[in-house]
Structure formats: structure tokens, C-alpha cells
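Below: one structure, written as C-alpha cells.
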Amino acid sequence: MTHASEEARPLARYISTTIPYVNAAPHVGFALELVQTDSLARYYRARGDQVRASTGSDDHSLKSVRAAALTGESVTAVVRRNSSAFRAQGPLLQARFDEFISTSGDLRHRPSVERLFRACKANGDLYRRAYRAAYCVDCEQFYRDEELEQGVCPEHGRATEVLEEENWFFRLSRYQEKLAAAIRSGTIRILPAARRQEVLSFVERGLSDFSVSRVASRAHGLGIGVPDDPSQVVYVWFDALANYLSVGGYGDPSAPCEWERVGRRVHVLGKGVLRFHAVYWPAILLSAGLPLPDELRVHGYLTLEGKKIGKSAGNAVDPRDLVRDYGATALRYYLLRHIPPFKDADFARQRLVEAHDSELADELGNLSLRVTSLVQRHLDGIAPALGEFAEREQQLEQIAAGLLARLDRHVGDHEFDLALDAIWELVRATNRYIDATQPWQLARSAITDAALRARLASVLAVGLAALHVLAACLAAFLPELAAKLSLALGRAVAPLALNSTSLVWHAPRGETLRPPEPLVPRIRERRSA
RNA sequence: GUCGGGAUGGGGGAGUGGUACCCCGUCGGGCUCAUAACCCGAAGGUCGCAGGUUCGAAUCCUGCUCCCGACCCCA
């Protein structure tokens, strides 16, 4: 056995969320992105890939300055508080990230931004240019003429003044052809296809250079200084996008960073920041001589009970409240199965509760309980071995065995709703199988009939095998529930590997089941008559 | 204004050429192992409107109506 080749498996996937501004606490919209991204990461880990999943916070936005001004806090206090609130989102939602990049707090970030800036500059893509535009002192930002109402700031209704300053600009125009080609060819795969078209037509309409720095004196101490030009700070978007490099150690030039080594680079993002990820970011990477992202998965936005959500709109619901009221599993389930992955949709608590109760509790939870109860009562709680497969068993086996290919396809296409639909076909088929075989009837005659006794054991073994398959499949999406199901079936941990969904593969092995109890208690008790 | 998305039975969603599908809800039945859960069946849709292509369209084309979004920022 050679020693040198015994390296760790190569990193197959880097998967990221965007890093949100921290001018306010997190809301459900970002929870959607976290849960989608986490499910993706967990799924590929279960399939045997080495995965690095990252999230973080963008601490250098001037919006935080305004948020602080409103409450009278210091900017650093606002940033620190909200950044840690975002950091807590992962554990809250059972979303497991390997990295959390805080752009102000993570020591790897600044050198990464600096190196990226220098790389673009060395390639001749950064230049200084005068910028002259209307400026609102209250907003502390520039406006284009068409955004103003007769020279008056739309936010504050006060007259703007014309200001001129020098900024660094990025030669985006130079990359138009390469970007168009990369997007058209699928080198950068953009999901859904409609978003790809959108970006493509934007690129083909012509790209103009964009500013990548601001005057430092107006930055309120936020941001990263432009290398060799202390009068400027790096523009917040250039800064924020670089977080995807910081994760992999790009700031340290002594070794190739992960971004360069990883098999696939996958970004999950909201439609509002598509342009930054599909145009500016790839152009910056091209300039710096770094590989392009491989996939951009663009989700839609949520409304909340029909109303627009916004960190600034004030109606944001704290995901902590949702988890407190319904549990992380219910929230994840609703977001994954009932929010279409790419489209705008309405988040409605009532539908969350209905989905949880009828699908998780009634269909899946009850299935688990009825099977384990039968095993407990008639087989002393010891999982029996599989017997001969007749037609019914073969039908169920077919559904189970075909599941993995469907999951691969749907997760590959970011269709979490369809992935869960596919899993639920097995849930429903297994309920039907139990109804059709009527193990409780078999048990009645089994006392005197050895053949029926064997048949009973076999039926319940099939039921248990199906539950094991379900636990394995659900681990990526509902990790806590999957673990609980595994435990109920007598296996200590949730299955990590998802190599097969065949019932035979997952056949019980004599485990001693736990005393049966409801797997998923209903949120809303249904008690009538 | 420019660009884009959507309109499917009471509610929410699938469905890009071949008898319209899933979940909830409603009604009826079965079962009784189970969280009054599970299973079966039924009612309910001219798939926004009008044309067109086609042997055949929710699905392709044209026009129209309505809703929403993006174009400054936003997950």
C-alpha cells in the first residue's frame, strides 16, 4: 500500500449562501436560503462528496450606519449584534455550515480582498476616474438624475448637491464577450433558465465599467482600505463577493486556495443580487485569473401572509419565533416542500401548520408509529428479517429503489419540492402496503399458524426497511427528524451514506426497537367527538 | 417607460404536444395496527380571454386583459 496517495478525498463542492447586510436581524427570507443551501450540502455529503459550506455576514454596508443612527447605538454595536444573530441562524435552523465569514471579524477576509484588488489592478482592469453626480447628504449616497424628482432626493425630499470625486473603476466592458460565452454555454450554470436568459440579455445590451471604491472619509470607519491608496475604501460589493475566496484561504498566497482546487463552486442566492453574482463577480474572477463559479442557483422572494418582507419594511418575522412555535423541522419542511424553489411565494403560518400536521405527523409519523407498534406487540420489539418478496413487496421495492436517481436529479436541479414529493411517494406507498397486508390480522392467526407467523415477520420487516430508506433520504432535508426516526428503529445514528435506497440494502438486522412513541406530534391537536 | 415573470377545480402547487396531476378542504365508504391517524371512492376545472399552427395544445405562435417583480438597494 502506497502511503503518499493516501490523501484525503479531494474537495468536491464548495457551496455558499450570500452574506447579508447586518443592518437588521435575520428574517424568514434568509432562512429559506440557509435551508436550501444546507440541504444541498448535506445531500452531497450523504452521497459521499467532500463538501465545504459557507455563509457569513457583510459588515461594511453603510446601511448599518443609518440603522445605528436611528437607535443611537454605535455602528460597531449594531454590526456586532446583528452579525452574531446571523451566525446563530445556522444552528437555529439545523443548518450546518463549515464556515461563517464576517467581513469585519474574520482575519482571513481583509488579506483576501486586498489580494483580489491587487490582482485585478495588476491585470490592468482597475483605474481611477472622476465621478460626478447628485448627492444627498442625508442618504450619504449618489443618485442618478433619473432617480431624482426634480433634483430632490426621493428619501428625504431635500435638494441634492452635485459632488465630484475620484473612484477606482473596474473595466467590466472588457469582459462582455467572455461573460456572455460562459453564461450561454453553461460554463456558468444559472438556475432557473429564465434567470439565465435575463442575465444574458443584460450582458448583451452592453456593460459599462463600475466603481469599486468609495472615498474613505465618508465610510464612517467601515470597510477595507484600497491597497496603496488610503484615501479610498473598497466598495462594499467587491468586498462582500470576495468572501467566497476568503473561506478557502485566498488571502494567503503561499498555497493555492480552495476556490482553485475545488471540483464545483456553487452559489445559492436571491434574485435581487443575481447581477452581482452573474456579471460583476465572474468578471472580477476572470481578471484575477481565478476559475469561474460553476453554478448559480437563484431563489425567489417570500412575502409574509401576503405582504412584502424587508429588513427595512419592519414586518420581518424573526425565525426564532417560528422555530419556537413550530420547531425547526416544521419550518425546514415547509420551506423546502411548499415554497417553490425559484419563484416568489407567500409564507403562511397556517399552511406551515397544515403541511406539518397532515404530511409529517399523519403520513410519515403515523406510519412509523404503526409499524413499530406492531413490531413491539407481536415480535417483542425485535426487528425481523426480510422474507420472500411477492408482488406487493416487489412493487414497493421498485418505488424505493428508484428513489435515489430521482433525488439526484431533483437536488441537482435545486428542486427540493420535487425531491420531497418523490420521498413522499414512498411514504404513501408504504402506508398502502401496510393496509393491504393487514399485519394485525396476520397476528391474530399467527398464534397457531407458523406460516402466518413468518409472513407477519416478513411484512413488518418490509415496513421497517422502508422506514430505514426514508430516514436515509430525509437526512439531508430534515436532519433532526431523520435521526429521530433512525433511533426509533433501533439504530443509534442517522445514516450518513446514501448509496442505495433498495429495501434489501436497508433491511433490518435484528435491532431492538425503542418503545414506540409518536415520531412527530401534531402542532394542532385534532380532537372532535 | 424598458426588461422579465405569472394567471391550472374552494385554497396552495406540479405539469413545455397525446385521455389534467399532487396536497389541503368537502362528501361517502373501508379498516381498527396507529398521533380520530391510515386506505378506497366521489363531487368539483371551458387549464385568464380571443385567434392561429397541428391529426391532436394547459403545453407552440399572435394579440388582448389582469396581477407581480426588476431596472438604486434587498435573501
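Naming: A, B, ... by sequence-line order, numbering from 1 per chain.
Exactly one residue among A:Trp424, A:Tyr326, A:Phe416 makes a ring-ring contact (aromatic ring centres under 6.0 Å, His included) with A:Tyr333. That residue is A:Trp424.
In terms of modelled atom types and a separation under 3.5 Å, the side chain of A:Asp209 and the main chain of A:Leu172 share a donor-acceptor contact.
Nucleotides B:U8 and B:C21 have their C1' atoms positioned 10 Å apart, rounded to a whole Å. Distance noted for atom C1' between B:G12 and B:U16: 22 Å (whole Å).
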Under the 3.5 Å Watson-Crick or G-U criterion, the dot-bracket string of RNA chain B, with | for inter-strand pairs | ((((((((.[[[[.)..(..]]]].(((((.......))))).....[[[[[..)....]]]]])))))))....
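Within the nucleic acid shown, A:Pro340 comes within 4.0 Å of sugar-phosphate atoms alone, with no base atom in reach, counting heavy atoms only.
With 3.5 Å as the limit, one finds a donor-acceptor pair spanning the side chains of A:His109 and A:Asp239.
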Working for salt bridge (charged side-chain N to carboxylate O under 4.0 Å, His left out), residues A:Arg96 and A:Asp38 | CA-CA 6 Å; A:Arg96 206 182 84 209; A:Asp38 176 62; over 6 Å; no
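Evaluation of the salt bridge (charged side-chain N to carboxylate O under 4.0 Å, His left out) rule for A:Glu354 yields no partner, not counting sequence neighbours.
Dashed line: the shortest gap from a side-chain N or O of A:Tyr21 to OP1 or OP2 of B:C73 is not under 4.0 Å. A close approach under 4.0 Å does occur between a side-chain nitrogen or oxygen of A:Lys343 and OP1 or OP2 of B:A14.
Classified by interplanar angle (parallel below 30°, tilted 30° to 60°, perpendicular above 60°), the ring pair A:His277/A:Tyr244 is tilted.
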